[in-house]
Structure formats: C-alpha cells, structure tokens
Amino acid sequence: MSISFCLHCQQPFNCGASNNTTSCWCMQLPYVLRVEETQACLCSSCLKQKVMAACQVLLSQHTVIELKKNMRHYYPHDNTAQVEGIDYYIENGLWVFTAWHHLRRGSCCKNGCRHCPYQPKSIVKG
C-alpha cells in the first residue's frame, strides 16, 4: 500500500490499489459514481460521503423495483460486507440500517425499520 492524499480533505490515507496484487478498500463500496466524478482517490470518509449522496439521489429518482433489478450493477464483485456509512450507521450504540442496505437485502423484514424503502411501510412494533 502507498500513502495517498485525499483530493477533498487533503488528509493522508492508504490506497490498496497502488500495488497490483491487492484490491483497495474502496472496492467494497457500491459502484454508483461515474469515473469523472472522482478523478482522484478520496479518503474513506470523503468517498463514503460521496457514495452515500449518490445512493440518496438514486433512491429519490428510481423505484425500489428498478433499484433492486440493477443491484448487480452496483455490486458487480458480489460483495456482501456491510459498510458503515453506506449500509448502516451507529446511533446510541445500535446499528441503524439505511434504505440502501434494505434494497441490497432484497425485501422488507416487517420489523418497522426507520429507513425501509418498501411500501407499504412495516408496522412499527411497540
């Protein structure tokens, strides 16, 4: 790995793509950005923010059916790892799954999840 500097925040970070024998941590993220949108490496925090913003745009512009159908394009590497900041965030010590996570899951679990993208909304348990 080599040290790179984030184009956005200028902080140093390790890039795994610099040597051709390993893949970079960024390969765990969904492919939702155009190449011209990044043009240079970003640190984990900045790239996750940019990817999550792109996921939010997709969620606002497409139906759940369209997004589920295209999930294989966003994850061509068959990655199943959950990524903090994309699939979940921590609130009061608990994992809160994002709408993006629920789409990757493929169906509603009927637990009344806060960010469930499926309609009708699940019944919230009291």
Side-chain angles (χ1 to χ4, degrees):
M1 284 197 215
S2 70
I3 299 293
S4 297
F5 290 88
C6 179
L7 180 66
H8 185 261
C9 71
Q10 311 308 314
Q11 293 297 309
F13 67 96
N14 289 323
C15 178
S18 59
N19 83 31
N20 294 328
T21 60
T22 61
S23 65
C24 186
W25 54 266
C26 66
M27 301 303 285
Q28 299 292 317
L29 303 178
Y31 294 1
V32 294
L33 298 173
R34 296 179 187 158
V35 173
E36 63 268 12
E37 289 182 67
T38 54
Q39 294 185 4
C41 287
L42 300 174
C43 69
S44 175
S45 178
C46 291
L47 184 57
K48 283 179 186 177
Q49 287 177 12
K50 195 168 183 98
V51 166
M52 196 60 213
C55 290
Q56 292 298 331
V57 169
L58 287 170
L59 285 162
S60 70
Q61 294 178 345
H62 299 281
T63 67
V64 169
I65 294 168
E66 291 171 330
L67 290 169
K68 280 177 54 176
K69 188 168 108 175
N70 289 312
M71 212 35 79
R72 62 184 159 75
H73 297 295
Y74 305 133
Y75 291 95
H77 40 68
D78 293 325
N79 176 37
T80 58
Q82 300 296 310
V83 177
E84 185 174 1
I86 303 295
D87 296 296
Y88 69 94
Y89 57 91
I90 307 287
E91 183 176 273
N92 299 321
L94 300 172
W95 284 32
V96 178
F97 291 110
T98 65
W100 193 256
H101 162 81
H102 292 292
L103 285 171
R104 284 183 66 192
R105 184 177 182 278
S107 63
C108 179
C109 63
K110 302 193 183 350
N111 285 326
C113 298
R114 181 184 305 173
H115 302 293
C116 182
Y118 300 99
Q119 295 294 331
K121 290 286 186 186
S122 304
I123 298 171
V124 179
K125 294 180 180 180

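Since this is a predicted model, take the numbers as computed values, not measurements. All values below come from the heavy atoms of this structure, side chains included, with hydrogens, waters and symmetry mates left out.
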- prompt: Under 3.5 Å, side chain of Tyr118 to main-chain N/O of Ser107, donor-acceptor pair present?
  reply: yes

message: Could you see if Val83 belongs to whatever hydrophobic cluster contains Val57? Use Ile, Leu, Val, Met, Phe, Trp, Tyr and a side-chain cutoff under 4.5 Å.
response: no

- request: Take Cys43 and Cys9 through the test side-chain contact (heavy atoms from CB on, under 4.5 Å) and record every step on the way to the result.
  value: CA-CA 8 Å; Cys43 69; Cys9 71; 3.7 Å; yes

query: Yes or no on side-chain contact (heavy atoms from CB on, under 4.5 Å) for Thr98 and Ile86, after CA distance, side-chain angles and deciding distance?
result: CA-CA 7 Å; Thr98 65; Ile86 303 295; 5.8 Å; no

- prompt: Taking all non-hydrogen atoms of both residues, which atom of Met71 and which atom of Leu103 are closest, and how far apart?
  reply: CE-CB, 3.7 Å

- prompt: For the residue pair Tyr75 and Trp100, does the interplanar ring angle fall in the parallel (under 30°), tilted (30 to 60°) or perpendicular (over 60°) class?
  reply: tilted

query: Is it the case that one hydrophobic cluster holds both Met52 and Val64, taking links as side-chain heavy atoms less than 4.5 Å apart, direct or via other members?
result: yes

- prompt: Are Met27 and Phe13 connected, step by step, through hydrophobic side chains (Ile, Leu, Val, Met, Phe, Trp, Tyr) whose heavy atoms are closer than 4.5 Å?
  reply: no

message: For His115 versus Phe97, what's the shortest heavy-atom pair and its separation?
response: CD2-O, 3.2 Å

- prompt: Between Gly106 and Lys68, which heavy-atom pair has the shortest distance, and what is it?
  reply: O-NZ, 2.8 Å

query: Of all heavy-atom pairs between Ala81 and Asp87, which one has the smallest distance, and what is that distance?
result: O-OD2, 3.8 Å

- line: dist Leu29:CG -> Ser44:OG (nearest 0.5 Å) comes out at 7.0 Å

- prompt: Is there a side-chain contact between Leu47 and Leu33, using heavy atoms and a 4.5 Å cut-off?
  reply: yes

message: How about NE2 on His101, more than 12 heavy atoms from neighbouring residues, nucleotides or ligands closer than 6.0 Å, or not?
response: yes

message: Show the nearest heavy-atom pair for residues Tyr89 and Arg114, with the distance to one decimal.
response: OH-NH1, 3.2 Å

- request: Would you give the length of the straight line joining atom NE2 of His102 to atom SG of Cys109, rounded to the nearest 0.5 angstrom?
  value: 6.0 Å

- request: List the steps, then state whether side-chain contact (heavy atoms from CB on, under 4.5 Å) holds for His62 with Asn70.
  value: CA-CA 11 Å; His62 299 281; Asn70 289 312; over 6 Å; no

field: From Lys48 atom NZ to Leu42 atom CG, the distance as rounded to the nearest 0.5 Å
entry: 13.0 Å

field: Greater than 12 external heavy atoms within 6.0 Å of Ile90's CD1
entry: yes

